[in-house]
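If you scroll down you'll find the structure; I have some questions about it.
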There are 2 protein chains.
Amino acid sequence: MGYRPNATARQLRAGRARLIGYVVGEFAGEPWAYLDSPYFARLTGATSAAALRHGYALVMLPAGTLQREWADLPLEAVIVADPVQDDPLVEDLLAARIPVFSDASVAGRTGAHWVDIDTDAAVRESLDHLRAGGARRPALVLPDSTTRFHRETLAAYRAWCARHGTPERVTLVPTPGNGPVVRAVEQALTADPRPDGLFVVAEASPPLVMDAARRLGLAVPADVRVICVSEDESAAHADPPVSTLSLRPADVAEEGMSLLVSALEADGDTPQGVLLTARLRARKSSMHRN
Amino acid sequence: MGYRPNATARQLRAGRARLIGYVVGEFAGEPWAYLDSPYFARLTGATSAAALRHGYALVMLPAGTLQREWADLPLEAVIVADPVQDDPLVEDLLAARIPVFSDASVAGRTGAHWVDIDTDAAVRESLDHLRAGGARRPALVLPDSTTRFHRETLAAYRAWCARHGTPERVTLVPTPGNGPVVRAVEQALTADPRPDGLFVVAEASPPLVMDAARRLGLAVPADVRVICVSEDESAAHADPPVSTLSLRPADVAEEGMSLLVSALEADGDTPQGVLLTARLRARKSSMHRN
DNA sequence: CTGAAAGCGCTAACAA
DNA sequence: TTGTTAGCGCTTTCAG
């Protein structure tokens with residue numbers, strides 16, 4: 001017959017709603033713009049998938065809001081992807097004794113768990129790769145953001161430059177979006193002396209980065225070797241194919257959810273974390289032999 | 001003091017959980033791949049935003065699953081974005097008496113509401129625009145999918161060709177992704193006689209479509225005028241800037257959520273729907289004067 | 001105006 | 001085995 005048990009009543013009885021909140025700390029200005037980023041799109045999808053597989057459903061929350069604005073949702077935990085520095089949301093959540101899952105910036109705090117990328121190793125590998133391709137003066141194009149990954153990327157880049165006795169060439173991108181990033185790339189490539197390597201951390205469509213170099217009359221990789229931090233599949237189809245550093249959103253989601261679920265299930269307040277290694281996909285844009 | 005009311009108990013008392021499910025009917029093979037599409041990314045974000053604004057939270061559900069797989073979620077309604085033809089999920093939901101919100105393919109069914117794009121008008125406007133730019137033999141690059149929009153696009157294209165006495169030139173793209181679409185574009189552009197207009201409905205990075213034409217030695221728009229159905233912001237920055245037909249995901253989400261909420265609140269079983277007009281953004285890739 | 005009680009729909013424990 | 005009951009935490013109603 002057509003009987004369907006009442007899910008809410010079961011949840012009340014069980015004492016758990018099997019619901020996990022998901023917020024992105026970045027892009028506070030445009031609360032949902034983060035889905036336009038291939039990285040966050042993948043991360044969000046993979047997180048949903050992993051949650052479902054563990055028997056939890058994911059509730060999408062708008063970036064830049066506080067716990068009190070959706071306090072009437074029975075969330076067992078909240079995932080805060082890429083929080084900004086001293087994110088008030090993280091504090092709010094922790095104060096409300098709601099388990100938080102985020103990146104390494106919450107490491108050590110009670111009720112907080114995390115997964116993150118080994119930024120230092122990733123930046124070092126990328127810059128070493130550019131150097132191996134002949135780039136002696138690699139420039140960095142970085143979003144002007146206080147995300148842990150971006151802060152650490154800048155620090156790692158500076159350390160690398162110091163180690164190699166190379167002056168730093170950093171162009172900050174004020175806002176997300178293809179337009180601003182392309183302008184920053186052009187700016188970086190027209191500096192004097194011109195960089196012979198480019199590490200584009202700000203998210204942009206890789207074909208557009210190639211277009212920018214072409215417009216300036218620069219050959220990639222002969223004149224400038226390029227690596228983009230990107231999950232955008234179009235990198236492989238660009239002309240030339242663009243080397244990418246993948247932050248492995250699918251694996252981050254997978255590993256993170258396993259950790260979160262065991263923490264929830266074990267009722268563990270003991271903070272735990274996992275560190276993953278980024279993956280460099282070398283393509284033609286960075287491979288050059290003199 | 002630190003008292004926090006139990007959300008589940010309140011929901012049980014209130015008899016409503018203020019939770020709405022969200023599934024995409026397409027991409028059944030890769031349940032979460034839809035977020036890689038700028039269209040669905042926007043649609044998903046905007047739907048979340050609109051839901052929250054109306055006091056509902058959105059729960060992400062994997063494409064290609066059935067109601068029974070997440071039956072223990074207290075969903076007041078489920079949004080099925082772009083269902084495939086005779087989608088079993090829609091039937092499943094309707095049978096379980098869960099209100100469904102989807103596209104025009106569910107129009108008229110009890111407990112179902114919808115919002116959709118006027119496909120016929122959109123296709124006609126696009127092809128007329130290509131023709132006004134001098135394209136006498138426009139070709140169509142279409143995903144091999146049974147979504148209502150894709151079915152109706154094909155029908156509208158055929159009707160337009162018949163009306164103008166032009167033979168049909170249709171290239172079907174077997175699977176989503178930049179690679180397959182770019183190959184289909186190349187195939188379409190190397191047909192004999194070569195088309196002088198291209199309506200790319202399959203989602204691809206617009207700069208890559210320009211790259212494909214360039215590789216074949218074709219000038220855009222002089223040799224071939226191009227319109228892409230795309231929400232990808234990179235279209236505006238491509239070389240040349242690519243004309244796009246926007247399916248207005250943000251407005252679809254907005255209008256749809258208003259309708260859904262009033263249906264839920266009014267307890268209305270009477271089917272209702274809204275039809276929106278797509279927006280053509282003419283850029284250089286389609287503007288040519290002989 | 002303050003306080004007690006009923007009941008939302010379920011499940012787990014217990015009684016028959 | 002099958003049937004009854006208590007109680008999850010809240011809100012609303014009703015009594016004091």
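Convention: sequence-line order gives letters A, B, ...; per-chain numbering from 1. Quantities reported herein were computed from a predicted structural model and do not represent experimental measurements.
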Do NZ/NE/NH1/NH2 and the carboxylate oxygens of Glu91(A) and Arg109(A) come within less than 4.0 Å?
-> yes
Hey, are Asp92(A) and Arg68(A) close enough for a salt bridge, meaning a charged N less than 4.0 Å from a carboxylate O?
-> no
Evaluate the criterion salt bridge (charged side-chain N to carboxylate O under 4.0 Å, His left out) for residue pair Arg148(A) and Asp116(A); output intermediate values, then yes/no.
-> CA-CA 10 Å; Arg148(A) 201 194 78 105; Asp116(A) 215 322; 2.7 Å; yes
Are more than 12 heavy atoms from other residues, nucleotides or ligands located less than 6.0 Å from atom CZ of Arg18(A)?
-> yes
5'-most to 3'-most nt of DNA chain C touching chain A (<4.0 Å, heavy-atom partner on protein side) reads dG9(C) to dA12(C)
After noting the C-alpha distance and the side-chain angles of Asp72(B) and Arg10(A), does the key distance pass the salt bridge (charged side-chain N to carboxylate O under 4.0 Å, His left out) rule?
-> CA-CA 8 Å; Asp72(B) 44 0; Arg10(A) 306 182 76 188; 5.2 Å; no
Please indicate whether Arg16(B) has more than 12 foreign heavy atoms, meaning atoms of other residues, nucleotides or ligands, lying under 6.0 Å from its CZ.
-> yes
More than 12 heavy atoms of other residues, nucleotides or ligands under 6.0 Å from CZ of Arg151(A): is that the case?
-> yes
Parallel, tilted or perpendicular, as decided by the 30° and 60° cut-offs, for the rings of Tyr34(B) and Phe40(B) | perpendicular
What would the secondary structure line of DNA chain D be in dot-bracket form, counting Watson-Crick and G-U wobble pairs under 3.5 Å, with [ ] for pairs that cross earlier ones and | for pairs with another strand?
-> |.||||||||||||||
Sort me out a list of protein N/O and nucleotides 8-11 of chain D N/O pairs below 3.5 Å, or just none if empty.
from    : atom 1 : to       : atom 2 : distance (Å)
dC10(D) : OP1    : Tyr3(B)  : OH     : 2.8
dC10(D) : OP1    : Asn6(B)  : N      : 2.7
dT11(D) : OP1    : Arg10(B) : NE     : 2.8
dT11(D) : OP1    : Arg10(B) : NH2    : 3.1
dT11(D) : O2     : Arg13(B) : NH1    : 2.9

Distance from Ile79(B) atom CD1 to Leu58(B) atom CG, nearest 0.5 Å?
-> 5.5 Å
Is any NZ, NE, NH1 or NH2 atom of the basic residue among Arg53(B) and Glu254(B) found under 4.0 Å from an Asp or Glu carboxylate oxygen of the other?
-> yes
